[in-house]
Amino acid sequence: MTQPITYELLHVDKNSGARRGVIHTPHGDIQTPVFMPVGTQGTVKAMTTDELKDMVHAQIILANTYHLFLRPGHKLIKEAGGLHKFMNWDRAILTDSGGFQVFSLGALRKITEEGVEFRSHLDGSKQFISPEVSIEIQEALGSDIMMAFDECCPYPSSYEYTKKSMERTTRWAARCKEAQTTENQGLFGIIQGGFFEDLRRISANDLKQMDFPGYAIGGISVGEPKEEFLKMLRFTTPLMPENKPRYLMGVGTPDYLIEAAISGIDMCDCVLPTRIARHGTAMTSHGKLVVRNATYERDFTPIDDECDCYTCKNYTRAYIRHLLNAKEILGVRLLSIHNLRFLTKLMESVRIEIERDNLLNFRDEFYKKYGYIK
RNA sequence: GGGUAGGUGGUCGAGUGGUUAAUGGCACCAGACUGUAAAUCUGGCGACGAGAGUCUACGUUGGUUCGAAUCCAACCCUGCCCA
């Protein structure tokens with residue numbers, strides 16, 4: 001069968017080693033490195049799909065297996081014609097497997113070799129997700145890229161626990177691959193191993209044997225110090241195949257995204273831009289800006305004077321602060337548009353700078369203005 | 001004019017003799033947020049002080065008491081009812 005997800009390497013930055021490429025999917029090409037907005041429940045919170053295309057220029061978005069399984073149910077979405085049709089999005093979709101919920105719903109789940117029993121955060125009911133169930137759900141959703149069902153370990157975790165967990169994740173990955181029945185979806189393996197280099201190496205090697213069309217790094221950016229993050233990122237990325245997409249899960253902040261690209265990552269996703277937008281904070285070229293704060297009460301300038309987004313072209317800090325203060329939905333919407341566009345724009349710049357072999361200089365310039373965050 | 005209920009910190013509103021600078025909500029101020037249990041959560045919120053602490057406060061004035069937002073008196077003001 002022809003592989004539905006393929007990676008084409010266009011250029012490698014001679015100075016940083018960063019990759020400029022294209023991922024071909026059944027729902028269009030993705031220019032990489034790419035930032036993928038997260039739309040857990042079949043919606044990037046507060047955004048219409050037209051806004052995601054026209055204002056944010058999103059090439060691909062995420063959705064979540066666990067959440068859509070609980071509500072409205074994957075069968076309903078299949079009945080609707082799949083998630084693309086259900087949510088009116090004709091570009092690529094990547095679905096997370098529910099693996100992150102094994103981590104984030106720590107208190108509400110029980111892990112066994114067979115799978116994970118969750119207490120639904122919605123109604124407390126018992127739910128069970130195994131590698132096979134996760135794939136069944138993701139196939140029903142019809143995403144372009146499915147993720148293997150994994151466990152994302154908390155930070156810190158002991159060597160013993162991390163090792164057991166990683167080995168189980170590897171066995172689960174094999175079961176996911178075995179369970180897949182569709183030919184128009186690509187299943188990515190997830191490298192785990194916490195903050196232990198030998199475990200990362202084992203995980204990467206074992207998963208490579210299974211020949212997935214793409215690989216992800218999971219289990220970092222879970223609250224560790226930045227040095228730890230960078231160390232693990234720089235150690236793990238070179239272990240990933242060069243001819244396939246490399247996806248760093250759950251990142252993030254502008255500085256992390258640039259570092260990821262430099263180390264050779266092609267894809268990143270994060271809830272941060274939309275979440276902090278809802279909480280009143282903007283990402284800007286000069287660092288983060290808490291628009292809620294009283295300092296901006298009479299600031300009639302845009303969120304970011306260097307931004308080309310709809311929000312920055314049309315609205316002021318003072319107005320957005322007022323909307324947030326008055327709890328008007330528009331404030332959250334405008335900030336979400338801005339934050340998402342800020343990151344997709346950042347990645348556009350990253351792609352251009354890679355082509356010019358100039359990403360390292362770009363990073364230095366960016367940090368000068370943005371502030372290097374430890 | 002008579003009766004009645006009441007006047008508490010930005011606001012609404014608890015508190016009816018001491019451990020009360022005074023519960024709580026809201027407003028306000030700040031912080032956190034990284035494969036979304038998140039339009040959420042945490043903290044602050046009389047003044048001065050880095051702090052220990054000091055001072056000023058529960059309509060006003062006076063009183064009772066070791067001690068008063070809490071009890072008493074007069075006055076001022078507000079709501080409601082009657083004339």
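Order of the sequence lines fixes the chain letters, A, B, ..., with proteins taken first and strands second; residue numbering starts at 1 for each chain.
Open room surrounds NZ on Lys78(A); 12 or fewer heavy atoms of other groups in view lie less than 6.0 Å from it. For Lys231(A), the NZ atom is loosely surrounded, since the number of other residues' heavy atoms within 6.0 Å does not exceed 12. Counted within 6.0 Å of CD on Glu242(A), heavy atoms from surrounding residues, nucleotides or ligands total 12 or fewer; the atom is thus considered open. Within 6.0 Å of atom CZ in Arg168(A), more than 12 heavy atoms from other residues, nucleotides or ligands are found, so the atom counts as buried in its surroundings. Within a 6.0 Å sphere centred on CD of Glu197(A), other residues, nucleotides and ligands contribute more than 12 heavy atoms.
Separating the CD1 atom of Ile60(A) from the P atom of G35(B) is a distance of 16 Å, rounded to the nearest angstrom. Atoms OH (Tyr247(A)) and P (G35(B)) sit 9 Å apart, rounded to a whole Å. In this structure, the NE2 atom of His121(A) is 5 Å from the P atom of A38(B), given to the nearest Å. Rounded to whole Å, the distance from NZ on Lys45(A) to P on U34(B) is 14 Å. For the pair Ile61(A) CD1 and G35(B) C1', the computed distance is 14 Å after rounding to whole Å. Atom pair Asp96(A):CG and G35(B):P shows a separation of 10 Å (rounding to whole Å applied). Between Glu224(A) atom CD and G35(B) atom C1' the separation is 13 Å, expressed in whole Å. In this structure, Leu233(A) places its CG atom 18 Å from P of U34(B), rounding to the nearest Å.
Gly219(A) comes within contact range of at least one nucleobase, with a heavy-atom separation under 4.0 Å. Contacts of Leu248(A) with the nucleic acid, taken as non-hydrogen atoms under 4.0 Å apart, are absent. Looking at heavy-atom distances under 4.0 Å, Gln192(A) makes contact with a base. Nucleic acid contact class of Arg321(A) (heavy atoms, under 4.0 Å, all strands): sugar-phosphate only. Nucleic acid contact for Leu324(A): none, since no nucleic acid atom lies under 4.0 Å from a heavy atom of the residue. If you check every strand for non-hydrogen atoms under 4.0 Å, Ile276(A) touches a base.
Between Ser104(A) and A37(B), a side-chain N or O to OP1/OP2 separation shorter than 4.0 Å is present. OP1 or OP2 of U36(B) sits under 4.0 Å from a side-chain N or O of Gln101(A). The side chain of Asn293(A) contributes no N or O atom lying less than 4.0 Å from OP1 or OP2 of C29(B). OP1 or OP2 of U36(B) sits under 4.0 Å from a side-chain N or O of Thr40(A). Between Lys288(A) and A32(B) there is a side-chain N or O to OP1 or OP2 distance below 4.0 Å.
With U34(B), C29(B), U36(B) as the choices, the nucleotide that has an atom nearest any side-chain atom of Thr274(A) turns out to be U36(B). For Ser97(A), whose side chain is taken as the heavy atoms from C-beta onward, the closest listed nucleotide among G35(B), C29(B), A37(B) is G35(B). Candidate nucleotides U34(B), G35(B), A37(B) were compared by shortest atom distance to the side chain of His67(A), and A37(B) ranks first. Which of G35(B), A38(B), U34(B) sits closest to the side chain of Arg278(A) comes down to A38(B).
Under the Watson-Crick and G-U wobble criteria, each requiring two contacts below 3.5 Å, nucleotide G62(B) is paired to C72(B). Base pairing analysis places G51(B) opposite nothing; no Watson-Crick or G-U wobble pair with both distances below 3.5 Å involves it. Using the Watson-Crick or G-U wobble rule with both distances under 3.5 Å, U34(B) pairs with nothing in any strand shown. The pairing partner recorded for G6(B) is C77(B), the criterion being a Watson-Crick or G-U wobble arrangement whose two distances lie under 3.5 angstrom.
In this structure, Phe100(A) has its ring center at least 6.0 angstrom away from the ring center of His67(A).
A distance of about 13 Å separates the P atoms of U20(B) and A69(B), rounded to the whole Å. Taking the P atoms as reference points, G9(B) lies 14 Å from A47(B), given to the whole Å. Rounded to whole Å, the C1' atom of G46(B) lies 32 Å from the corresponding atom of A39(B). To the nearest whole angstrom, the two P atoms, one in C28(B) and one in A14(B), are 23 Å apart. Taking atom C1' on both G24(B) and G2(B), the two are 39 Å apart, rounded to the nearest angstrom. Across the P atoms, U70(B) and U64(B) are found 15 Å apart, a figure rounded to whole Å. Across U61(B) and C66(B), the matching P atoms stand 23 Å from one another, rounded to whole Å. Look at the C1' atom in both C55(B) and G59(B): the space between them is 22 Å, to the nearest Å.
A donor-acceptor pair shorter than 3.5 Å can be found between the side chains of Arg341(A) and Thr344(A).
The distance from atom CD of Glu259(A) to atom CD1 of Ile265(A), rounded to the nearest 0.5 Å, is 12.0 Å.
No salt bridge links Arg171(A) with Asp206(A); every basic N to acidic carboxylate O contact stays at or beyond 4.0 Å.
In this model, no side-chain donor or acceptor of Asn64(A) finds a partner on the base of G35(B) within 3.5 Å. One N or O donor and one acceptor, one from the side chain of Arg275(A) and one from the base of A38(B), sit under 3.5 Å apart.
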Is there any protein nitrogen or oxygen under 3.5 Å from a nitrogen or oxygen in nucleotides 41-43 of chain B, and what are the pairs?
none

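Look at His279(A) and the base of U40(B); the rings stack, centres closer than 5.5 Å and planes less than 30° apart.
Comparing Val222(A) and Val332(A) against RNA chain B, the residue whose closest nucleotide sits nearer the 5' end is Val222(A).
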| message | Asn314(A) vs Tyr319(A), test: side chain to side chain donor-acceptor pair (under 3.5 Å). Steps then yes/no. | response | CA-CA 10 Å; Asn314(A) 295 289; Tyr319(A) 178 64; over 6 Å; no
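With Tyr247(A) as reference, Asp269(A) is the one residue of Asp266(A), Thr32(A), Asp269(A) to meet the side chain to side chain donor-acceptor pair (under 3.5 Å) rule.
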